[in-house]
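See structure below.
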2 protein chains.
Amino acid sequence: MAHTLKSVAEAAGVSAAAVSYAFNRPDRISAHARAHILDVAQRLGYAGPDPAARSLKTRRAGSIGVVVPVGMSYVFRDHYFAELLTGVAEIAERRGAGMTLVPFDLDAAERARTHDEDGLRDTLDAIRHALVDGVIVDGLAGDHPAVRVLIDRGLPVVGSTADPAFSSSVAIDDVAGARAIGAHLAALGHRDVVVVLATPGPSGVARDVTDEDALLPYSSHRLAGFREGLGPGARVRVVTGGFNDTGSGRAAAALALSDDPSFADPTALLADSDALAGGIVDELRTRGIVPGRDLSVTGFDDGALATDLDLTTVRQPVRDRGRLMARMLLEPDVDERHVLLPTELVVRGSTGHARATGGR
Amino acid sequence: MAHTLKSVAEAAGVSAAAVSYAFNRPDRISAHARAHILDVAQRLGYAGPDPAARSLKTRRAGSIGVVVPVGMSYVFRDHYFAELLTGVAEIAERRGAGMTLVPFDLDAAERARTHDEDGLRDTLDAIRHALVDGVIVDGLAGDHPAVRVLIDRGLPVVGSTADPAFSSSVAIDDVAGARAIGAHLAALGHRDVVVVLATPGPSGVARDVTDEDALLPYSSHRLAGFREGLGPGARVRVVTGGFNDTGSGRAAAALALSDDPSFADPTALLADSDALAGGIVDELRTRGIVPGRDLSVTGFDDGALATDLDLTTVRQPVRDRGRLMARMLLEPDVDERHVLLPTELVVRGSTGHARATGGR
DNA sequence: GTCGCCGTGTTAATCGAATAACACGGAGGG
DNA sequence: CCCTCCGTGTTATTCGATTAACACGGCGAC
């Protein structure tokens, strides 16, 4: 049943090398012999050399890995990751390479990190075993254990920050983008805002933030940028919103506008993403609050949603990022090793002058 | 630099087997020896046994493959595939398995199919080389060359139709769903309709359909269902809409409502997906045509868009399908081999009684 | 005191292929 | 007519691990 190079070679009356050449190097064998071998192979139901053995010998896997800190099933729902991976896929498919999503549970890894050495090992098993030629890592610092494993494996690793631990990186200047949002709002007189950040994982719905270290790298960057742009006098409170989607945004808005005294009367709600901002807008509307007039709302991404909702946001070239990350792995002619992509403030109707009293 | 099991074993003063056990079978070695070996390994920068070699020996890859007939970069944009893969990913991540998108260009394969034998071989290379333990194939018939290669490789293949060539399958009864749509419209008096189908690939924008064989399997199923439900007296014309998104829907609607005599005055527009229907609704609105009153529009999927647009559509359990497909590969306790999932007609406001004169 | 078993380390066979180096026959040049 | 080179098939080495089978020392049971 299970044929091998050798058994096919016997059946065809040639050496194993000839069969290998027939499948992999047409130029290295006569057309006549090749046709015969391929014919015998087909008759026997031999589809070609075993990929695992081939991969061991050639040291190539034909696929690039992707590691994200949010769970594999999440990337298809999140606009940011979907866009990033679209860019990666565009390059991969034109090079004939596959894309392997490597399971990695950031929460489990964090929990196990100090506690339980073997637990941490387990969460990294898939990363240790992944059959890939290089890896794209988005949202993990260069000194993260998962990254260390990949580097020890000798794989080229493209990161999302300029950390020299990565073989190369494509960062996006989201600090600058967030700063622009902050400055824009400051200029409109806002001095009391709530920032809404997504924290995927089991952390659940909106809540007040205690530990800012637990944020995803880009969230903390943006938070810092917001603060810089708003200036020292501003009051910035933070809510985390669970998944990066409209539902979380709605919940976060509800919390920010609740009676909870720690959130009393902000004049602006700054979201980590358009999706969250979309939820915020929904919640405001159900309360009869008009975004841009009664209360300002900002997003991040400039996706289709931002246009639809007339959202002030930051445009970031996410698909370009994915493309470039993939090219750094698959097209060695890319010579820059660490690239910083720019962002752009897009002002629309969801922001306006601060009012003495916000929503309610 | 590049350490191996053996070199680490020498450095630690033990046998290669001991190192292997230290990494893979803690119970098979003393805790003391294990700690020492792991320590030496870490010091040497050895991340663990080489995945390729390990995969050759164990005959496991730790990842399941996914083959779709639409190009890898498309799956992140299309609601159907995103939903399907979300389901797959949910199961994969709970089993610690990866997900490998295998590049496959249906158009190139079709073009090469008869013409050029070596060309066809090339388009199947990635499928021949993919390092996976099983494959989920959506939208390809059981006798397609790509499927044949996978089966010859001895891989378990889960298909999207009940074809016995597949080791197992999860079909969705979209014929019945489409039939329900057709019957619903027939009951409302519609006898002259245009069906809008997505045909991803370079085929481009909307055009009239000449060759119904070139449709994706599910599209032709649905088309057949529409026809059945509408009954023999109805006039059914077909337009293909390129990508499965709102832009294509808009273009298709524009064509269907144009002066082109072959499309004159339909009373209903039946789309292959909610996304297409969304575009159709957009186009109608810009022309001042009210869906459900002047002209009926139907979708397919029952995603968020359908609710938003108050679209009559068919609910299909796509994520369940993905989950079940993955479980058939990853969880051998699933005993049914060929499953047919039901669909459900969801009537909303976008359909109504046929009028003598449709749009314009 | 002896037998056997258990825990733990080692030996050796094996997974299935790629490819450098070699062999050999015939064509072409001198 | 001989030498060389080219095209094409073969031989043999190598990729880096897993794991069944074996070996051996110490311990408890009788």
Side-chain angles (χ1 to χ4, degrees), chain A residues 1-38 40-41 44-62 125 128-133 152-155, chain B residues 1-38 40-41 44-62 125 128-133 152-155:
Chain A
M1 184 69 199
H3 278 282
T4 67
L5 254 199
K6 209 200 294 188
S7 72
V8 172
E10 278 169 20
V14 295
S15 70
V19 180
S20 174
Y21 289 142
F23 275 96
N24 303 318
R25 315 253 309 252
D27 54 313
R28 191 60 185 71
I29 194 174
S30 69
H32 178 260
R34 175 158 187 261
H36 173 230
I37 291 171
L38 256 28
V40 171
L44 294 176
Y46 177 76
D50 181 273
R54 151 184 258 268
S55 175
L56 169 60
K57 189 64 191 171
T58 62
R59 315 269 60 201
R60 260 173 286 117
D125 266 355
R128 204 173 282 115
H129 299 329
L131 293 157
V132 295
D133 295 322
D152 278 351
R153 280 186 53 183
L155 292 171
Chain B
M1 186 70 199
H3 278 280
T4 69
L5 207 52
K6 210 201 294 186
S7 72
V8 171
E10 278 170 20
V14 295
S15 70
V19 179
S20 175
Y21 289 142
F23 275 96
N24 303 317
R25 315 251 311 249
D27 54 313
R28 190 59 185 71
I29 194 173
S30 70
H32 178 259
R34 176 158 187 262
H36 172 232
I37 291 170
L38 257 28
V40 170
L44 295 176
Y46 178 76
D50 181 274
R54 153 184 256 267
S55 176
L56 169 60
K57 188 64 193 175
T58 62
R59 315 267 64 199
R60 261 173 284 118
D125 266 355
R128 204 173 282 114
H129 300 329
L131 293 157
V132 295
D133 295 323
D152 278 351
R153 280 186 53 183
L155 292 172

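In what follows, chains carry the letters A, B, and so on, assigned in the order in which the sequence lines appear, proteins first and then strands, with residues in each chain numbered from 1.
Two residues, B/Arg34 and A/Arg60, neighbour DNA chain C, and the one matched to the more 5' nucleotide by heavy-atom proximity is B/Arg34.
With sequence neighbours excluded, the residues that form a salt bridge (Lys or Arg N to Asp or Glu O under 4.0 Å) with B/Asp125 are B/Arg128.
Here D/dA17 presents its C1' atom at 14 Å from CZ of A/Arg153, a figure rounded to the nearest Å. The CZ-P distance, from B/Arg59 to C/dT14, rounds to 16 Å in whole Å. Distance CG (B/Asp50) to P (C/dC15): 19 Å, rounded to an integer number of Å. When the P atom of C/dA18 is taken as reference, atom CZ of B/Arg128 falls 12 Å away, rounded to whole Å. The separation between A/Ile37 atom CD1 and D/dG9 atom C1' is 9 Å, rounded to whole Å. The CD1 atom of A/Ile29 sits 17 Å away from the C1' atom of D/dC6 (whole-angstrom rounding). Whole-Å rounding puts the A/Tyr21 OH to C/dT19 P distance at 8 Å. The distance from atom CG of A/Asn24 to atom C1' of C/dT19 is 11 Å, rounded to the nearest whole Å.
Annotation: proximity of residues 8-18 of chain A to DNA chain D (heavy atom, distance under 4.0 Å) is found for A/Val14, A/Ser15, A/Ala17, A/Ala18, numbered in ascending order.
Between the side chain of B/Arg59 and the backbone N or O of B/Leu56, at least one donor-acceptor pair lies under 3.5 Å. Using modelled atom types, one side-chain atom of B/Thr58 and one backbone atom of B/Arg54 make a donor-acceptor pair closer than 3.5 Å. Listed for the A/Ser55 side chain is no donor-acceptor partner under 3.5 Å among the backbone atoms of B/Ala52. Listed for the B/Arg25 side chain is no donor-acceptor partner under 3.5 Å among the backbone atoms of B/Ser20. Without hydrogens or angle criteria, A/Asp133 side chain to A/Arg60 main chain gives no donor-acceptor distance under 3.5 Å.
Nucleic acid contact for B/Leu56: base, since at least one base atom lies under 4.0 Å from a heavy atom of the residue. Across all strands, A/Ala33 comes closer than 4.0 Å only to sugar-phosphate atoms, never to a base (heavy-atom distances). Across all strands shown, A/Tyr46 has heavy atoms under 4.0 Å from sugar-phosphate atoms exclusively, and none from any base. Across all strands, B/Ser20 comes closer than 4.0 Å to base atoms (heavy-atom distances). Within 4.0 Å (heavy atoms only), B/Leu5 reaches at least one base atom of the nucleic acid.
Checking D/dT19, D/dT18, C/dG9 against every side-chain atom of B/Ser30, the shortest atom distance belongs to C/dG9. Proximity note for A/Arg54 (side chain, C-beta onward) versus C/dT8, C/dA18, D/dT18: the nearest is C/dA18.
Side-chain atoms of A/Arg28 stay outside donor-acceptor range of the base of D/dG7, with no qualifying N/O pair under 3.5 Å. At a cut-off of 3.5 angstrom, the base of D/dT14 holds at least one donor-acceptor pair with the side chain of A/Lys57.
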Carefully, step by step, assess B/Val14 and B/Val19 under the rule side-chain contact (heavy atoms from CB on, under 4.5 Å). CA-CA 7 Å; B/Val14 295; B/Val19 179; 3.9 Å; yes

Derivation and outcome, salt bridge (charged side-chain N to carboxylate O under 4.0 Å, His left out), residues A/Asp50 and A/Lys57: CA-CA 11 Å; A/Asp50 181 273; A/Lys57 189 64 191 171; over 6 Å; no

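Taking 4.0 angstrom as the limit, A/Arg25 places none of its side-chain polar atoms (N or O) nearer than this to OP1 or OP2 of C/dA18.
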